[in-house]
Chemist: 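Here it is, the structure, as structure tokens.
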There are 2 protein chains.
Amino acid sequence: MTATLVTPAASERIATHLREAILSGEIGPGERIRQEEVAERLGTSRLPVREALRMLEAEGLTEHTANKGARVPALDRHELDVLYQMRERLEPLALTESIPHLTSGQVRELEGLADLIAADTDLSEFLVLDRAFHLGSYAGCGTEHLLATVTRMWNSTQPYRRMFMTLGGPDRRWIVDHEHRLILDAIKRQDSVDAERFLSGHIRRTRIELDQHPELFGGPHRAGRARISGTTTTRRQA
Amino acid sequence: MTATLVTPAASERIATHLREAILSGEIGPGERIRQEEVAERLGTSRLPVREALRMLEAEGLTEHTANKGARVPALDRHELDVLYQMRERLEPLALTESIPHLTSGQVRELEGLADLIAADTDLSEFLVLDRAFHLGSYAGCGTEHLLATVTRMWNSTQPYRRMFMTLGGPDRRWIVDHEHRLILDAIKRQDSVDAERFLSGHIRRTRIELDQHPELFGGPHRAGRARISGTTTTRRQA
DNA sequence: CTTCCACCTGTTGGATCCAATCTCAAGGTC
DNA sequence: GACCTTGAGATTGGATCCAACAGGTGGAAG
């Protein structure tokens, strides 16, 4: 029982690094991720990078083609729409499973997040907080499969949520805040029927809004190469 | 342009082999899969086995713990129940997405499968045909994510479906056949509303029946070691 | 000028060896 | 006798080297 917890195994460190790079938008949809580049930047061999990419694939953050390597999945308009329909059907179930097991401390945390979302002005921070609010509301859900599936769907949609936010249309986050309050209130009342209704409405509204912006899919489909944030290691050899 | 298609890359061959071993029940829930054993039996090094196990993890067929290796996930009663609730909500969506794009040939295939299921007497074969019928009905669904998610849920529940079938209660497959006909008929009429209703009812009935057999979860949770069927190949060089 | 083919380079896939970790049983101590 | 400790064996994680495949480039023929 020594350092297992402080030395998280290289492949997991790499997975964590890449996960953040993808979720933060540093690596965008369609961009390729080359093993050697990541390995060099993080100071390991390519092998743990391969493992990390497979882990991320299981999380829906990368996709893999034989002999061609990994890239961040790019969705077309219809696929994103269906992904939102999946969320519309599954996340209410996760919420219903979660509500009875949420501690009062967790509910207070959710309220804090809702307040931050209402107050916040930074669009990038909004994405983080909104994700934390929703996934946090599923924290009581004890079943691995459901949580993993919901998380995968959030992972897959994240790049497009980001692109949508940066479109710079009218700021309608007050609607988001209103819907969050409804959901939160239902959670407090332990009313899972209401909670499901408000949540699916929340997701459906977002889906419809996204669907009105086909320009999200024209742009960055072309295969660029990913720049990994230079963490460690200053380097570049030869 | 040589043999890319006939030489499917070792890791994929291994993944295919293990996938079949798990789905066929040869490796049961909770059983451990050791890299070296698989590597030896299939005549490769451990590396492609590691890759294969990661692929299977993405498909919901194995789970991985650092420094402890892979095993076939074992579900408890509640988790299996929730998995069926997920199927109840998601598979109707897959069917609705699929119906408009099914060719008449595909519909005929479904009808053939339904006939086989009604005629068949071998319980093990039933599992294969039933899976083929349902996943086949989603074949027109063009979206990768939805199909992959549905397949993952089928993969995860498969071992328990098998255990349930071998319990040897009264044979109620005539109910299954009846429900399949209702679904098939709705598909032919392109009536996705009816199709969704019949399908979710079909899954719900199964879920409730499964829930009445808690003895499914006492048994094989203990960690045995998997026996890999020595398959292929006469070969293996050196 | 266009098209097709061979070659070459960049990148991923696999094998072998070594290091780190876990499991578990034997032995010692209180 | 019960419990903790300490090893040895078994098993997974990582590094390095080599092989195989994909894509692009240049040249030659039409």
Side-chain angles (χ1 to χ4, degrees), chain A residues 1-18 27 30-57 62-72 222-228 232-233 236-238, chain B residues 1-18 30-57 62-72 222-228 232-233 235-238:
Chain A
M1 61 140 63
T2 56
T4 303
L5 292 175
V6 303
T7 308
S11 58
E12 291 185 14
R13 284 192 314 111
I14 298 171
T16 301
H17 183 78
L18 287 175
I27 310 178
E31 271 186 280
R32 196 173 164 188
I33 302 178
R34 278 170 319 184
Q35 302 173 358
E36 190 161 14
E37 184 172 347
V38 179
E40 257 171 44
R41 283 222 155 83
L42 299 185
T44 69
S45 86
R46 276 173 35 222
L47 207 148
V49 177
R50 276 154 78 172
E51 297 255 328
L53 289 173
R54 292 291 189 188
M55 295 184 206
L56 295 178
E57 190 178 13
T62 63
E63 65 187 1
H64 204 88
T65 318
N67 291 319
K68 293 184 62 179
R71 56 179 59 227
V72 178
R222 51 95 198 284
R225 42 189 54 182
R227 297 172 312 278
I228 312 304
T232 66
T233 120
R236 186 43 250 129
Q237 91 307 13
Chain B
M1 64 135 61
T2 57
T4 304
L5 291 174
V6 303
T7 309
S11 57
E12 291 185 14
R13 284 191 316 107
I14 298 170
T16 301
H17 182 77
L18 288 175
E31 272 187 280
R32 194 171 165 188
I33 302 177
R34 277 172 322 191
Q35 301 173 358
E36 190 160 14
E37 185 171 346
V38 179
E40 249 172 52
R41 282 222 157 80
L42 299 185
T44 68
S45 85
R46 277 172 35 223
L47 207 148
V49 177
R50 276 154 76 172
E51 296 255 328
L53 289 173
R54 292 292 189 187
M55 295 185 206
L56 295 178
E57 191 179 12
T62 62
E63 64 186 2
H64 204 88
T65 318
N67 290 319
K68 293 184 63 177
R71 58 180 57 229
V72 178
R222 51 92 200 282
R225 43 190 52 183
R227 296 170 314 276
I228 313 303
T232 67
T233 114
R235 26 68 87 9
R236 200 36 236 155
Q237 88 302 16

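In what follows, every heavy atom counts, from backbone to side chain, and hydrogens, waters and symmetry copies are set aside.
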Chemist: A:Arg71 CZ to C:dT12 C1': how many Å, rounded?
Modeler: 14 Å

Chemist: Taking all non-hydrogen atoms of both residues, which atom of A:Leu53 and which atom of A:Ala70 are closest, and how far apart?
Modeler: CD1-CB, 3.9 Å

Chemist: Heavy atoms only: give me the nearest A:Arg13-A:Thr44 pair and the separation to one decimal.
Modeler: NH2-CG2, 4.1 Å

Chemist: Report all interatomic pairs (protein N or O, nucleotide N or O of nucleotides 13-15 of chain D) with separations under 3.5 Å.
Modeler:
unit_1	atom_1	unit_2	atom_2	d
D:dG13	OP1	B:His64	NE2	3.4
D:dG13	OP1	B:Asn67	N	3.4
D:dG13	OP2	B:Gln35	NE2	3.3
D:dG13	N7	B:Arg46	NH2	3.0
D:dG14	OP1	A:Ala10	N	3.0
D:dG14	OP1	A:Ser11	N	3.2
D:dG14	N7	B:Arg50	NH1	3.2
D:dG14	N7	B:Arg50	NH2	3.3
D:dA15	OP2	A:Ser45	N	3.1
D:dA15	OP2	A:Ser45	OG	3.1

Chemist: Of all heavy-atom pairs between B:Ala52 and B:Ile14, which one has the smallest distance, and what is that distance?
Modeler: CB-CG2, 3.6 Å

Chemist: Of all heavy-atom pairs between B:Pro48 and B:Ser11, which one has the smallest distance, and what is that distance?
Modeler: O-CB, 3.7 Å

Chemist: Take atom CZ of A:Arg34 and atom P of C:dG13, then tell me their distance rounded to the nearest Å.
Modeler: 14 Å

Chemist: I need the B:Glu57 CD to A:Arg54 CZ distance, nearest 0.5 Å.
Modeler: 11.5 Å

